[in-house]
Asks: 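Please find one structure pasted underneath; my questions will follow.
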Amino acid sequence: MVGKGAKGMLNGAVPSEATKRDQNLKRGNWGNQIEFVLTSVGYAVGLGNVWRFPYLCYRNGGGAFMFPYFIMLIFCGIPLFFMELSFGQFASQGCLGVWRISPMFKGVGYGMMVVSTYIGIYYNVVICIAFYYFFSSMTHVLPWAYCNNPWNTRDCAGVLDASNLTNGSRPATLPSNLSHLLNHSLQRTSPSEEYWRLYVLKLSDDIGNFGEVRLPLLGCLGVSWVVVFLCLIRGVKSSGKVVYFTATFPYVVLTILFVRGVTLEGAFTGIMYYLTPQWDKILEAKVWGDAASQIFYSLGCAWGGLITMASYNKFHNNCYRDSVIISITNCATSVYAGFVIFSILGFMASHLGVDVSRVADHGPGLAFVAYPEALTLLPISPLWSLLFFFMLILLGLGTQFCLLETLVTAIVDEVGNEWILQKKTYVTLGVAVAGFLLGIPLTSQAGIYWLLLMDNYAASFSLVVISCIMCVAIMYIYGEHLSLRPPVTWPLARPLCPVDLLTPPLSRAPELLPGHPDDAGLPTAPLLSDLLALRLSRHHLPPGSGPPPPPPESSSLRVAPGAECAPPPAPTARESAEA
């Protein structure tokens, strides 16, 4: 009997508690760890890596911007990323259910849901526009290559001469009067810009003038939502298989565009414009602010998606390793995309005889105006356009999968009964239909105004606020409940970085949660490596205050408060007879 009782306590068994395993049979888990890593990479690597980071880099000092960017990655990005992964894996719950550790902070989970809802609505509209351009590229001549279309104005000045159109190839030389026009005329608008404003959007003159709904965009929006729903129809079981393609093929396309770009005339000028350091820029607070905001936006911290994806991990997964791999992959992709973008823009600037700054842009202006115009200068331009917009679609879908799954998982975990678990597909369908209906105003003639408004404010300072509150709640509220005291040397690290806030106590916490009966379903924390703050301080918890030995792989039972010191329960008559 003594042997049985000792074994039960070693596994963290609590009297009358149901047996748990490393896998969560009720909610399900990833098919394998590669699916989680690829999904997280697809979530983190999105449109912002292609259309936002390269512009921020050249605007904020070129290569000098890499210094604050990687400083923010090391001291803010990776610790926050690791905290959210370990938090979700710790609780095996979505962004609402995890706050059973401190119910008064459940509003943080609702804040994450609001952010994910905002982003999910307009993000799929961007994907639908990429779908529209993808379908429009299935032609012999790109429709934004010339100024001889019904929607073009008298101010249109293209880089190609329509009179020299032969089999879709570009002319050998540019007319001299056109070069003069491009350099000196303030009235010049490119055919790609007029195609974007006057044909695709039919842009209204005011944010309040919605005009008509653009039916082609509405149809593409329906297509994008159908694709997202079908990929998530079985939750992580189906999306985990899709990401093998959606998370890897964009790198193939980036590599193809990079190889093509660096072989063009003027590509080196564009790349040098992208990388040449301006060291005086790093003394400006705005540069550091842009670096921090890009890290928050790019990694997806405080969106709730990281917690949700990690909640489907096996309990003893090494999420510390995953957080480092995913974070570095995301930032390396941003830098790599900069080479792809600026090699083509450098070629375009050389072709026009203007400075690279005249053709550089960001956001929708880069994805749907500047870069498409540059592609018209390449031979077989429809092929390069198809590849580029297909890459944008895949990048957007990788993020959109996680945004939708975040909302669905939060709803299902919050209700938590068997019926909604069995009807999760219908919840996914309901959220997708709601997202489609809420996105319809963004396909109107004033939709782009609202899209940019949501993009500027939905995922900006709110992410910093949510992250700070989450760090305080986990470290100083939940951590105080566990009687964890920060090491005395931690204040020495404060001038370097806010790691005392960014480091969760989960890696050093005893394997327990608040000892209420309704919390019994949450699993224990995995044994994780000490974070950067502990490495800097070289100071660990006193002997005897660390976590208990890890349980065997077959069990992930947590220890209730006081259970590690409590005597084993008295044997029943049946157990005594068996002994």
Side-chain angles (χ1 to χ4, degrees), residues 39-49 52 72-91 93-99 101-102 104-123 289-311 319 322-323 326-327 330-331 398-407 409-410 413 454-478 497-506 531:
T39 301
S40 299
V41 168
Y43 174 62
V45 178
L47 298 174
N49 298 73
R52 193 165 187 263
M72 289 298 175
L73 170 67
I74 294 173
F75 292 121
C76 292
I78 293 179
L80 276 174
F81 200 93
F82 174 48
M83 183 184 73
E84 292 201 31
L85 291 190
S86 57
F87 195 19
Q89 186 172 309
F90 173 82
Q93 293 283 301
C95 61
L96 286 182
V98 293
W99 292 105
I101 66 167
S102 185
M104 67 179 294
F105 285 96
K106 197 171 185 177
V108 176
Y110 285 110
M112 292 178 175
M113 288 189 66
V114 170
V115 169
S116 293
T117 302
Y118 271 125
I119 298 174
I121 292 171
Y122 78 78
Y123 214 82
D290 284 345
S293 64
Q294 176 62 15
I295 286 293
F296 270 89
Y297 186 87
S298 180
L299 290 179
C301 298
W303 291 18
L306 299 177
I307 294 176
T308 301
M309 296 301 105
S311 70
C319 59
D322 294 341
S323 63
I326 297 167
S327 300
N330 171 74
C331 295
T399 302
Q400 190 68 20
F401 291 158
C402 296
L403 292 172
L404 182 59
E405 185 63 34
T406 297
L407 300 177
T409 299
D413 287 346
M454 297 173 70
D455 183 41
N456 289 331
Y457 291 99
S460 55
F461 188 69
S462 58
L463 300 182
V464 179
V465 174
I466 291 174
S467 296
C468 289
I469 296 176
M470 181 169 57
C471 292
V472 171
I474 295 176
M475 172 60 86
Y476 291 102
I477 307 299
Y478 180 57
C497 61
V499 288
D500 55 331
L501 283 180
L502 297 176
T503 307
L506 303 179
L531 284 181

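Quick note: numbers below take in every heavy atom, side chains included, and nothing from hydrogens, waters or symmetry partners.
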Asks: Heavy-atom count check: over 12 atoms from other residues, nucleotides or ligands less than 6.0 Å from Tyr118 OH?
Replies: no
Asks: Which pair of heavy atoms, one from Gln93 and one from Ile307, lies closest together, and at what distance?
Replies: O-CG2, 3.8 Å
Asks: Kindly indicate whether the side chain of Cys331, heavy atoms from C-beta on, has any atom under 4.5 Å from the side chain of Ile295.
Replies: yes
Asks: For a 4.5 angstrom cut-off between non-hydrogen side-chain atoms, does Leu73 reach Ile78?
Replies: yes
Asks: Hey, are the side chains of Val115 and Ser462 touching, using non-hydrogen atoms and a 4.5 Å cut-off?
Replies: yes
Asks: Residues two or more places apart in sequence or in another chain: which of them pass side-chain hydrogen bond (donor to acceptor under 3.5 Å, both in side chains) with Asp413?
Replies: Arg27
Asks: Go through the structure and list residues passing side chain to side chain contact (heavy atoms under 4.5 Å, CB included) with Ala302, not counting sequence neighbours.
Replies: Glu84, Leu463, Ile466, Ser467
Asks: Using every non-hydrogen atom in the two residues, find where Gly46 and Tyr123 come nearest and quote the distance to one decimal.
Replies: CA-OH, 3.7 Å
Asks: Just jot down the side chain to side chain contact (heavy atoms under 4.5 Å, CB included) partners of Thr117, sequence neighbours excluded, or say none.
Replies: Ile121, Leu407
Asks: Rounded to the nearest 0.5 Å, how far apart are OG1 of Thr406 and CD1 of Ile119?
Replies: 10.0 Å
Asks: Is Met113 close to Leu96 at the side-chain level, that is, under 4.5 Å between some pair of heavy atoms?
Replies: yes
Asks: Is it the case that the side chain of Asn49 and the backbone of Ser298 share a donor-acceptor pair, with hydrogens and angles ignored and the cut-off at 3.5 Å?
Replies: no
Asks: Quick one: closest heavy-atom pair of Leu85 and Ala310, and the distance?
Replies: O-CB, 3.2 Å
Asks: For Trp99 together with Phe87, are the ring centres under 6.0 Å from each other?
Replies: yes
Asks: Can you name the ring pair (Phe, Tyr, Trp, His ring centres under 6.0 Å) partners of Tyr43, sequence neighbours left out?
Replies: Trp303
Asks: Could I get the full list of side-chain hydrogen bond (donor to acceptor under 3.5 Å, both in side chains) partners for Thr308, not counting sequence neighbours?
Replies: none
Asks: Within the distance-only criterion (no hydrogens, no angle test), does the side chain of Ser86 pair as donor or acceptor with the backbone N or O of Met83 below 3.5 angstrom?
Replies: yes
Asks: Taking all non-hydrogen atoms of both residues, which atom of Gly94 and which atom of Thr409 are closest, and how far apart?
Replies: CA-CG2, 4.0 Å
Asks: Please report the C-alpha distance between Leu80 and Phe296 in whole Å, then the side-chain angles of each, then the deciding distance to 0.1 Å, and finally whether the side chain to side chain contact (heavy atoms under 4.5 Å, CB included) criterion is met.
Replies: CA-CA 9 Å; Leu80 276 174; Phe296 270 89; 3.6 Å; yes
Asks: How far apart are the closest heavy atoms of Ser327 and Phe81, and which atoms are they?
Replies: OG-CG, 3.5 Å
Asks: With Gln294, which residues qualify under side-chain hydrogen bond (donor to acceptor under 3.5 Å, both in side chains), at least two apart?
Replies: Arg52
Asks: Looking at Ile477 and Ser102, what are the two nearest heavy atoms and their distance?
Replies: CG2-OG, 3.7 Å
